[in-house]
Amino acid sequence: MTSETYDRIYEVIEQIPEGNVATYGQIARLAGLGGHARLVGYALHACDRPVPWHRVINARGEVSDRADAYAEQLQHRLLAKEGVRFDERGRIALEQFRWEDEEADAE
DNA sequence: CGTCTGACGATAT
DNA sequence: TATATCGCCAGAC
């Protein structure tokens with residue numbers, strides 16, 4: 001655990017059910033970070049835990065452009081394998097696959 | 001301790 | 001709808 005903040009983020013991501021996706025901003029809110037989506041992305045960048053990072057996408061409903069293009073393909077494949085479909089532009093219908101958490105109130 | 005950068009989000013144009 | 005800009009926090013140098 002790099003910091004308690006990161007651990008909180010990983011914990012939220014691990015709660016994302018299969019076949020669903022969550023945005024960085026949503027995770028940040030559930031983790032109690034407010035709307036600091038950047039921290040979520042940065043946390044995943046330094047992730048040392050086996051979290052389902054492939055279920056984490058940006059607010060536009062698409063996979064963020066990261067350094068390793070290979071991981072990007074992997075993310076698309078993993079999501080497709082779970083039933084998540086992409087449109088012609090390579091974007092996900094958030095209104096359909098977005099994970100709706102009911103425990104936004106952590107403590 | 002100052003500065004730059006980064007898996008983002010929202011708003012403006 | 002796409003592009004450009006600012007704000008946010010934490011880590012690397």
Side-chain angles (χ1 to χ4, degrees):
Chain A
M1 44 320 227
T2 319
S3 64
E4 197 175 312
T5 308
Y6 279 23
D7 187 62
R8 182 79 77 180
I9 294 171
Y10 300 140
E11 201 171 317
V12 174
I13 296 173
E14 291 181 314
Q15 293 175 67
I16 304 174
E18 189 176 294
N20 282 257
V21 296
T23 64
Y24 295 94
Q26 182 178 5
I27 293 168
R29 180 173 63 83
L30 297 174
L33 302 176
H36 304 146
R38 289 195 131 207
L39 302 188
V40 180
Y42 200 65
L44 282 176
H45 170 68
C47 84
D48 298 275
R49 300 178 62 146
V51 296
W53 54 270
H54 57 272
R55 292 178 188 154
V56 185
I57 59 178
N58 59 30
R60 295 184 282 184
E62 52 184 18
V63 178
S64 301
D65 180 57
R66 85 183 84 56
D68 299 304
Y70 178 76
E72 193 173 310
Q73 297 177 63
L74 179 62
Q75 182 165 11
H76 278 247
R77 195 174 73 153
L78 289 171
L79 291 175
K81 186 177 180 181
E82 296 185 354
V84 180
R85 301 187 183 186
F86 295 81
D87 63 7
E88 299 74 25
R89 299 172 201 159
R91 301 197 304 199
I92 300 173
L94 288 176
E95 53 191 271
Q96 183 179 358
F97 297 102
R98 193 177 189 184
W99 170 49
E100 294 180 44
D101 177 56
E102 301 176 57
E103 303 179 89
D105 169 64
E107 293 179 294

Checklist entry - With side chains defined as the heavy atoms from C-beta onward, is the minimum distance between A/I57 and A/I92 less than 4.5 Å? => result yes
Checklist entry - Is there side-chain contact between A/N20 and A/F97, with at least one heavy-atom pair below 4.5 Å? => result no
Item to check | A/W99 side chain reached by A/V21 side chain, heavy atoms, under 4.5 Å | outcome: no
Sequence neighbours excluded and cut-off under 3.5 Å, please list the side-chain donor-acceptor pairs for residues 77-87 of chain A, or say none.
| unit_1 | atom_1 | unit_2 | atom_2 | d |
| --- | --- | --- | --- | --- |
| A/E82 | OE1 | A/G19 | N | 3.3 |
| A/E82 | OE1 | A/R55 | NE | 3.0 |
| A/E82 | OE2 | A/H54 | NE2 | 3.1 |
| A/E82 | OE2 | A/R55 | NE | 3.3 |
| A/E82 | OE2 | A/R55 | NH2 | 2.9 |
| A/D87 | OD1 | A/R89 | N | 2.9 |
| A/D87 | OD1 | A/G90 | N | 2.9 |
| A/D87 | OD1 | A/R91 | N | 2.7 |

Checklist outcome for this item: Rounded to whole Å, CG of A/L94 lies from P of B/dA10 at a distance of 11 Å
Item to check | Interatomic distance where CZ belongs to A/R29 and C1' belongs to B/dA10 [whole Å] | outcome: 16 Å
Checklist outcome for this item: When rounded to whole Å, the OH to C1' distance for the pair A/Y10 and C/dA10 reads 12 Å
Next on the checklist: So A/E72 and A/D65, do their side chains get closer than 4.5 Å, heavy atoms only?
Outcome noted: yes
Can you list, pair by pair, the side-chain donor-acceptor contacts under 3.5 Å of residues 35-42 of chain A, counting residues two or more places apart and other chains?
| unit_1 | atom_1 | unit_2 | atom_2 | d |
| --- | --- | --- | --- | --- |
| A/H36 | ND1 | A/L33 | O | 2.9 |

Checklist entry - Which dot-bracket string describes DNA chain B (Watson-Crick N1-N3 plus N6-O4 or O6-N4, or G-U N1-O2 and O6-N3, all under 3.5 Å; [ ] crossing; | other strand)? => result .|||||.||||||
Next on the checklist: Checking side chain to side chain contact (heavy atoms under 4.5 Å, CB included) between A/V56 and each of A/I27, A/V12, A/V51, A/V63, which is the one that passes?
Outcome noted: A/I27
Checklist entry - Does A/A43 have any side-chain contact (heavy atoms from CB on, under 4.5 Å) partners at least two apart in sequence or in another chain, and if so, which? => result A/Y6, A/I9, A/Y10
Checklist entry - Out of curiosity, A/R66 CZ to A/H45 NE2, how far, rounded to the nearest 0.5 Å? => result 11.5 Å
Item to check | Any A/I13 side-chain heavy atom under 4.5 Å of A/P52 side chain | outcome: yes
Do any N or O atoms of the protein come closer than 3.5 Å to N or O atoms of nucleotides 2-6 of chain C, and which pairs are they?
| unit_1 | atom_1 | unit_2 | atom_2 | d |
| --- | --- | --- | --- | --- |
| C/dA2 | OP2 | A/R91 | NH1 | 3.4 |

Report, one pair per line, the protein and nucleotides 6-8 of chain B atoms (nitrogen or oxygen only) whose separation is under 3.5 Å.
| unit_1 | atom_1 | unit_2 | atom_2 | d |
| --- | --- | --- | --- | --- |
| B/dG6 | N7 | A/R38 | NH1 | 3.4 |
| B/dG6 | O6 | A/R38 | NH1 | 2.9 |
| B/dA7 | N7 | A/L44 | O | 3.4 |
| B/dA7 | N7 | A/H45 | N | 2.9 |
| B/dA7 | N6 | A/L44 | O | 3.3 |
| B/dA7 | N3 | A/Y24 | OH | 3.3 |
| B/dC8 | OP1 | A/S64 | OG | 3.4 |
| B/dC8 | N3 | A/R38 | NE | 3.1 |
| B/dC8 | N4 | A/R38 | NE | 3.3 |
| B/dC8 | N4 | A/R38 | NH2 | 2.8 |

